[in-house]
2 protein chains.
Amino acid sequence: MEEMVVATSDEQPEGGRGFRPLPSNGICGRLGDKWTVQVLWHLSRAGAERLRFSALKKEIDGITQRMLTLALRNLERDGLVARYYFPEVPPRVEYELTDMGSGMLRALEGINSWLMENLSRIEENRRVYDDAEQR
Amino acid sequence: MEEMVVATSDEQPEGGRGFRPLPSNGICGRLGDKWTVQVLWHLSRAGAERLRFSALKKEIDGITQRMLTLALRNLERDGLVARYYFPEVPPRVEYELTDMGSGMLRALEGINSWLMENLSRIEENRRVYDDAEQR
DNA sequence: CAGAATCCATCGAGATACTG
DNA sequence: CAGTATCTCGATGGATTCTG
């Protein structure tokens with residue numbers, strides 16, 4: 001296999017030869033948290049249509065207002081999601097994926113399909129392992 | 001884009017039509033934590049050669065014994081890493097990627113290369129966003 | 001409606017000390 | 001050498017209340 005350099009998001013003194021290999025927090029900061037990918041996915045699912053805050057909250061099972069707000073803020077900060085605020089009464093806010101956001105989602109397809117294919121095997125491995133340990 | 005179904009690792013009542021879309025914890029449980037991918041990467045970097053616990057600890061910058069132990073246990077449990085224990089004095093333990101483990105690492109290349117290409121832009125977006133907010 | 005602000009329980013993870 | 005066992009602290013995430 002071609003030597004794989006794993007991306008990082010930390011600021012650190014440059015090592016010397018190009019990118020420093022190795023991530024600091026899983027794949028990349030926010031990608032590992034509980035809601036970020038779900039938010040991205042629901043936005044992409046809506047296609048060109050923008051989604052309102054309440055629509056997202058309704059669609060994403062179990063997310064709280066606070067968590068949705070935080071996830072959206074971080075995504076907006078990174079430039080993965082665009083936020084459109086309409087100062088009406090009551091206020092209306094719409095969200096949509098940026099090109100960068102949908103690009104990232106596409107880049108996730110590899111690992112996602114791998115997981116779809118292998119999750120059952122992983123779960124089986126876990127069962128076997130757990131049964132063997134506790135005795 | 002083809003409708004993308006995001007894999008989950010949770011057990012939950014089946015929704016109805018095949019896989020339930022949406023992950024429960026980022027991409028998949030352990031993938032989002034701080035050390036797992038780094039351990040995988042270092043093992044793959046060693047190629048066919050197995051690595052000892054101490055070698056891994058030396059190579060992975062900043063990891064503690066405890067965190068390395070936990071990461072390896074979880075990977076072993078999932079069937080992504082194989083553990084070879086030699087009951088000598090002093091004890092020797094060697095680790096290597098399983099086929100499944102290297103498969104998963106290959107599946108991560110998409111998101112990894114995307115991150116390599118886009119990290120600087122993300123960081124720039126964050127700077128702009130942060131400067132605009134605090135005033 | 002779309003949040004901001006608190007408070008609080010839990011968990012990840014680091015540091016340290018000990019052991020077969 | 002390759003772990004365990006504790007302890008601790010900070011971050012994450014949930015529930016709840018308040019507001020422009």
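Note that this is a predicted model, so its numbers are computed, not measured. Each chain gets a letter, A, B and so on, in the order the sequences are listed, and its residues count up from 1.
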Gln65(A) CD to dC1(C) C1', in whole Å, measures 9 Å
It should be established whether Ser54(A) places a side-chain nitrogen or oxygen under 4.0 Å from OP1 or OP2 of nucleotide dA2(C).
yes
Between CG of Leu72(B) and P of dG3(D) the distance, given in whole Å, is 7 Å
Does Arg92(B) have a side-chain nitrogen or oxygen under 4.0 Å from the phosphate oxygens OP1 or OP2 of dG3(D)?
no
Check every strand shown and say whether Tyr95(B) touches a base, only sugar-phosphate, or nothing at a heavy-atom separation below 4.0 Å.
sugar-phosphate
Starting at CG of Leu56(A) and ending at P of dC1(C), how long is that distance when rounded to a whole Å?
15 Å
From the options Glu96(B), Arg92(B), Glu94(B), Arg52(B), select the one residue that forms a side-chain hydrogen bond (donor to acceptor under 3.5 Å, both in side chains) with Tyr84(B).
Glu96(B)
Any non-hydrogen side-chain atom of Asp130(B) less than 4.5 Å from a side-chain atom of Arg77(A)?
yes
Pro91(B) or Thr64(A), whichever maps to the more 5' nucleotide of DNA chain D:
Pro91(B)
Please state whether the phosphate of dG14(C), meaning OP1 or OP2, lies under 4.0 angstrom from any side-chain nitrogen or oxygen of Lys34(B).
yes
Arg121(A) atom CZ, neighbour heavy-atom count above 12 within 6.0 Å
no
Using only side-chain N and O atoms of Arg73(B), determine if any of them is under 4.0 Å from OP1 or OP2 of dG3(D).
yes
Gap between atoms CZ and P, on Phe86(B) and dG3(D) respectively (whole Å)
12 Å
In whole angstrom, what separates Met67(A)'s CE from dA4(C)'s P?
13 Å
Starting from P on dT12(D), measure out to CG on Leu70(A) and report it in whole angstrom.
10 Å
I'd like to know if Arg66(A) reaches the base of dG13(D) with its side chain such that a donor and an acceptor end up less than 3.5 angstrom apart.
yes
If you group Ile, Leu, Val, Met, Phe, Trp and Tyr by side-chain heavy-atom gaps below 4.5 Å, do Leu70(B) and Tyr85(B) land in one group?
yes
Starting at CG of Asn74(B) and ending at C1' of dG3(D), how long is that distance when rounded to a whole Å?
15 Å
In Å, rounded to the nearest 0.5 Å, how long is the span from CG of Leu97(A) to OG of Ser44(A)?
6.0 Å
Between Asp61(B) (CG) and dG14(C) (P), how many Å, whole number?
12 Å
